[in-house]
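Here's the structure we're looking at; comments come further down.
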Amino acid sequence: LTLSLQRSYMHIKIHDDITLQQIKDVFSAYYPFLKLEFFSSPHLIFESSEEKAMLCGSKKLKEINPTHTDAVINIHPTELVSDLENEFQTRFGLPAQVFRKEKGEWAQTTGMDVFSLKDVNDFSKNDSDAFLVEDYDEGFEEEAEL
């Protein structure tokens with residue numbers, strides 16, 4: 001497993017023995033308010049993926065697509081969500097879906113497929129911050145009423 005955090009992008013060496021979880025962990029280390037999930041069937045831009053089609057993180061790439069070619073995937077912050085998902089599908093036969101935090105819950109980025117990874121990560125971070133402040137304010141109001 002290779003993770004390289006360059007000035008503005010990351011790259012992951014994709015090979016037979018890499019697990020989906022390893023790919024997901026590296027991605028989330030770089031984009032902490034996003035997560036990557038892989039599915040057994042592809043989706044179109046702005047489409048969601050069915051939860052029942054989600055692949056287990058312990059699966060190795062060679063179990064899913066034994067005919068893939070080992071390669072490095074470069075992930076830039078300016079890359080569109082849909083482009084990253086498409087790259088995993090076309091290069092490695094891995095239908096991917098990016099998720100973001102929305103009010104404390106993970107949601108598929110279907111409506112944000114034409115936004116950059118950086119923008120979606122920032123949006124998710126700001127939404128998570130607002131959610132925490134909202135929870136804090138509600139708790140404060142409840143204490144004040146006592």
Could you tell me which residues satisfy side-chain hydrogen bond (donor to acceptor under 3.5 Å, both in side chains) with [X], sequence neighbours excluded, listed by chain and number?
X: Gln108; answer: Gln97
X: Thr19; answer: Gln22
X: Asp83; answer: none
X: His76; answer: none

What's the spacing between [X] [atom1] and [Y] [atom2] if we round to 0.5 Å?
X: Asp17; Y: Glu63; atom1: CG; atom2: CD; value: 9.5 Å
X: Leu84; Y: Asn74; atom1: CG; atom2: CG; value: 11.0 Å
X: Ile12; Y: Ile75; atom1: CD1; atom2: CD1; value: 4.0 Å
X: Ile14; Y: Thr69; atom1: CD1; atom2: OG1; value: 12.5 Å
X: Leu94; Y: Ile73; atom1: CG; atom2: CD1; value: 9.0 Å
X: Glu85; Y: Ser49; atom1: CD; atom2: OG; value: 7.5 Å

Going by side chain to side chain contact (heavy atoms under 4.5 Å, CB included), name the residues that satisfy it together with [X], two or more places apart in sequence or in a different chain.
X: Ser82; answer: Ile45, Leu80, Asp113
X: Lys118; answer: Pro77, Ser116, Asp122
X: Ser28; answer: Lys35
X: Asp70; answer: His15, Asp16, His68

Is it possible for you to say whether [X] and [Y] belong to one hydrophobic cluster, with membership spreading through side-chain heavy-atom contacts below 4.5 Å?
X: Met112; Y: Val114; result: yes
X: Leu117; Y: Phe46; result: yes
X: Met54; Y: Ile64; result: no

Kindly give the heavy-atom pair with the smallest separation between [X] and [Y], and that separation in Å.
X: Phe92; Y: Asn65; value: O-ND2, 2.8 Å
X: Lys52; Y: Glu50; value: CE-OE1, 2.8 Å
X: Ser41; Y: Ala53; value: OG-CB, 4.2 Å
X: Glu102; Y: Ala107; value: OE1-CB, 3.9 Å
X: Glu51; Y: Phe39; value: CA-CE2, 4.5 Å

- [ ] Could I get the full list of ring pair (Phe, Tyr, Trp, His ring centres under 6.0 Å) partners for Phe27, not counting sequence neighbours?
- [x]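 Partners of Phe27 under the ring pair (Phe, Tyr, Trp, His ring centres under 6.0 Å) test: Tyr31.
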Task: All ring pair (Phe, Tyr, Trp, His ring centres under 6.0 Å) counterparts of Phe88, not counting sequence neighbours - done: Phe38
TODO: Using the side-chain hydrogen bond (donor to acceptor under 3.5 Å, both in side chains) rule, collect all pairs that involve residues 87-96, keeping only residues at least two apart or in two chains.
DONE: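 Of all non-adjacent pairs touching residues 87-96, those that pass side-chain hydrogen bond (donor to acceptor under 3.5 Å, both in side chains) are Glu87-Arg91.
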- [ ] Could you give me the CA-CA distance, side-chain angles and deciding distance for Leu34 and Val81, then say whether side chain to side chain contact (heavy atoms under 4.5 Å, CB included) is met?
- [x] CA-CA 11 Å; Leu34 302 179; Val81 169; 6.0 Å; no
Task: Asn126 side chain to Ser124 side chain, donor-acceptor N/O pair below 3.5 angstrom - done: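 No donor-acceptor contact under 3.5 Å links the two side chains.
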Open item on the list: Given 3.5 Å as the limit, does a donor-acceptor pair link the side chain of Thr109 with the main chain of Val98, or not?
Closed with: yes
Task: ring pair (Phe, Tyr, Trp, His ring centres under 6.0 Å): pairs with one or both residues in residues 97-121, sequence neighbours excluded - done: none
